[in-house]
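Order of appearance sets the numbers: ligands from 1, and atoms from 1 within every ligand.
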Amino acid sequence: MNIIIVGATSGLGYETAKIYLEKGYNVGLAGRRVERLSELQSLYPNTCYIEKIDVTKEESIEALESLIDQMGGMDLFFLSSGVGKQNRSLEADIEMNTVATNVEGFTRMMIFTFNYFSKREKGHIAAISSIAGTKGIGISASYSATKRFQNTYMEALEQLARGRKLDITFTDIRPGFVDTDLLADRNYPMLMNVEKTAKQIVKSIESKKRVVIVDYRYKMLVGLWRLIPKKLWVRIKL
Ligand SMILES: NC(=O)c1ccc[n+]([C@@H]2O[C@H](COP(=O)([O-])OP(=O)(O)OC[C@H]3O[C@@H](n4cnc5c(N)ncnc54)[C@H](OP(=O)(O)O)[C@@H]3O)[C@@H](O)[C@H]2O)c1
């Protein structure tokens, strides 16, 4: 099986890459800081392929195509790219960069991958969104909104695929707080270990889950969170 992971240079993408390489799959890895991937490539010279990809740039599609060509095809596309910061003061550059990566970049990757798998009439698209898309979060407006966009976009693509009778699987992974660079700026409660979370992600992808909240504690939390009435939610001070 040929797997491509975009956003593999750190955190959850990097840890899932290690698992897939250990399992013996052909794995294509991408991100902007490709130098971070050279150690993995030297450990797995025959099965690890790397390419520099910035999802916010149009030329990322050419780079993705080149990665697929080097590998002789793609069966699973896993998008782990994402940015997110708390932004209480609503600084415009943080908001716009989050939208550029998590919405524009995400959509660019999804369009290409959906069309690629449509031609083959089968494939698997997995992406890490977040539990943050459950409701709008005032101190992380762009992050929560872009993650909700990702949830909805994958749902829409699934409907498109079913309508065309394409055998494309979608897995939307929604973790709670994980100890990665993304959260390095602050202390967060219920922080999950990155290696353990990556294992759970791989398991969910292998069992072709449609939507998965990681872990069970966050699943319960999201269940309760959804019950909070809108009128009350917008009055909660975070
Ligand atoms: N950590 C958490 O608590 C948490 C919770 C829920 C969801 N998530 C989601 O999980 C995903 C992975 O995040 P992480 O926690 O593993 O954080 P991370 O260590 O910061 O990883 C983020 C990855 O995204 C890549 N990326 C960022 N901008 C990119 C761009 N323009 N083009 C290509 N790749 C880009 C980074 O690579 P380069 O910088 O090298 O390009 C890096 O590999 C994100 O979508 C995040 O929103 C994280």
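- With a 4.0 Å heavy-atom cut-off, ligand 1 is reached by the backbone of T9 and by its side chain too.
- Judged by the shortest distance from any of its heavy atoms, S129 lies inside the 4.0 Å radius around the atoms of ligand 1.
- In terms of protein heavy-atom proximity, atom 21 (O) of ligand 1 is nearest to S10 OG, 3.2 Å.
- Both the backbone and the side chain of I128 come within 4.0 Å of ligand 1, counting heavy atoms alone.
- Of all the atoms in ligand 1, the ones that sit under 4.0 Å from a non-hydrogen atom of F177 are 3 (O).
- For R33 against S10, the heavy-atom pair with the smallest separation is NH2-OG, 3.2 Å.
- In this pair, W225 and W233 present their aromatic rings tilted. The plane angle is within the 30 to 60° band.
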Item to check | Stepwise side-chain hydrogen bond (donor to acceptor under 3.5 Å, both in side chains) check, Q200 with K203 | outcome: CA-CA 5 Å; Q200 284 179 262; K203 220 171 134 192; over 6 Å; no
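- A donor and an acceptor atom, one from each side chain of Q150 and N102, are nowhere located under 3.5 Å apart.
- Between K231 and V234 the shortest heavy-atom distance is O-CG2, 3.5 Å.
- In the vicinity of A8, heavy-atom distances shorter than 4.0 Å reach the ligand 1 atoms 43 (O).
- Residue S80 approaches ligand 1 through these ligand atoms, each under 4.0 Å from one of its heavy atoms: 11 (C), 12 (C), 23 (C), 24 (O), 44 (C), 45 (O).
- Close approach of ligand 1 to D54 (heavy-atom distance below 4.0 Å) involves ligand atoms 30 (C), 31 (N), 32 (N).
- Taking every non-hydrogen atom of G7 and a distance limit under 4.0 Å, the qualifying atoms of ligand 1 come out as 23 (C), 25 (C), 43 (O).
- V211 and I173 fall into different hydrophobic clusters, where Ile, Leu, Val, Met, Phe, Trp and Tyr residues are linked whenever their side-chain heavy atoms come under 4.5 Å apart, directly or through other members.
- Taking every heavy atom of L12 and a limit of under 4.0 angstrom, the matching atoms of ligand 1 come to 10 (O), 16 (O).
- Checked by distance only, ligand 1 and V178 come closer than 3.5 Å through their nitrogen or oxygen atoms.
- Atom 20 (O) of ligand 1 has L182 N, 3.6 Å as its closest protein atom, hydrogens excluded (heavy atom only).
- Backbone and side-chain nitrogen or oxygen atoms of G82 are examined, and one is located within less than 3.5 angstrom of a nitrogen or oxygen of ligand 1.
- Note on V99: it does not cluster hydrophobically with I94, by side-chain heavy-atom contacts below 4.5 Å among ILVMFWY residues.
- Looking at ligand 1, you'll find an N or O of V55 within less than 3.5 Å of one of its N or O atoms.
- Hydrophobic clustering (ILVMFWY, side-chain heavy atoms < 4.5 Å, transitive): M154 and V55 are in one cluster.
- Criterion: ILVMFWY side-chain heavy atoms under 4.5 Å apart, direct or through other members. Under it, F77 and V212 are not part of a common hydrophobic cluster.
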Item to check | Full working for side-chain contact (heavy atoms from CB on, under 4.5 Å) between E206 and K23 | outcome: CA-CA 12 Å; E206 281 177 349; K23 281 176 177 268; 3.0 Å; yes
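- In this structure, atom 27 (C) of ligand 1 lies nearest to the protein heavy atom R32 NH2, 3.4 Å.
- Between Y49 and Q41 the shortest heavy-atom distance is CA-NE2, 4.0 Å.
- A heavy-atom distance below 4.5 Å is not found between the side chains of L64 and E51.
- Distances below 4.0 Å separate heavy atoms of I53 from the following atoms of ligand 1: 32 (N), 33 (C).
- Relative orientation of the Y153 and F106 rings is perpendicular, given thresholds of 30° and 60° on the angle between their planes.
- Taking any N or O of K147, backbone or side chain, at least one lies under 3.5 Å from an N or O belonging to ligand 1.
- Residue contact annotation: Y143 has a non-hydrogen atom under 4.0 Å from ligand 1.
- Among all non-hydrogen protein atoms, the one lying nearest atom 34 (N) of ligand 1 is S81 OG, 3.0 Å.
- Under the 4.0 angstrom criterion for non-hydrogen atoms, G84 is not in contact with ligand 1.
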Next on the checklist: With side-chain contact (heavy atoms from CB on, under 4.5 Å) as the criterion, how do Y14 and L37 come out once you've worked through the C-alpha distance, each side chain's angles and the decisive distance to 0.1 Å?
Outcome noted: CA-CA 8 Å; Y14 187 80; L37 299 169; 4.3 Å; yes
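- G176 counts as a contact of ligand 1, since one of its heavy atoms falls under 4.0 Å from the ligand.
- Atom 1 (N) of ligand 1 has its closest protein heavy atom at T180 OG1, 3.0 Å.
- The ligand atoms of ligand 1 that sit less than 4.0 angstrom from a heavy atom of T101 are 28 (N).
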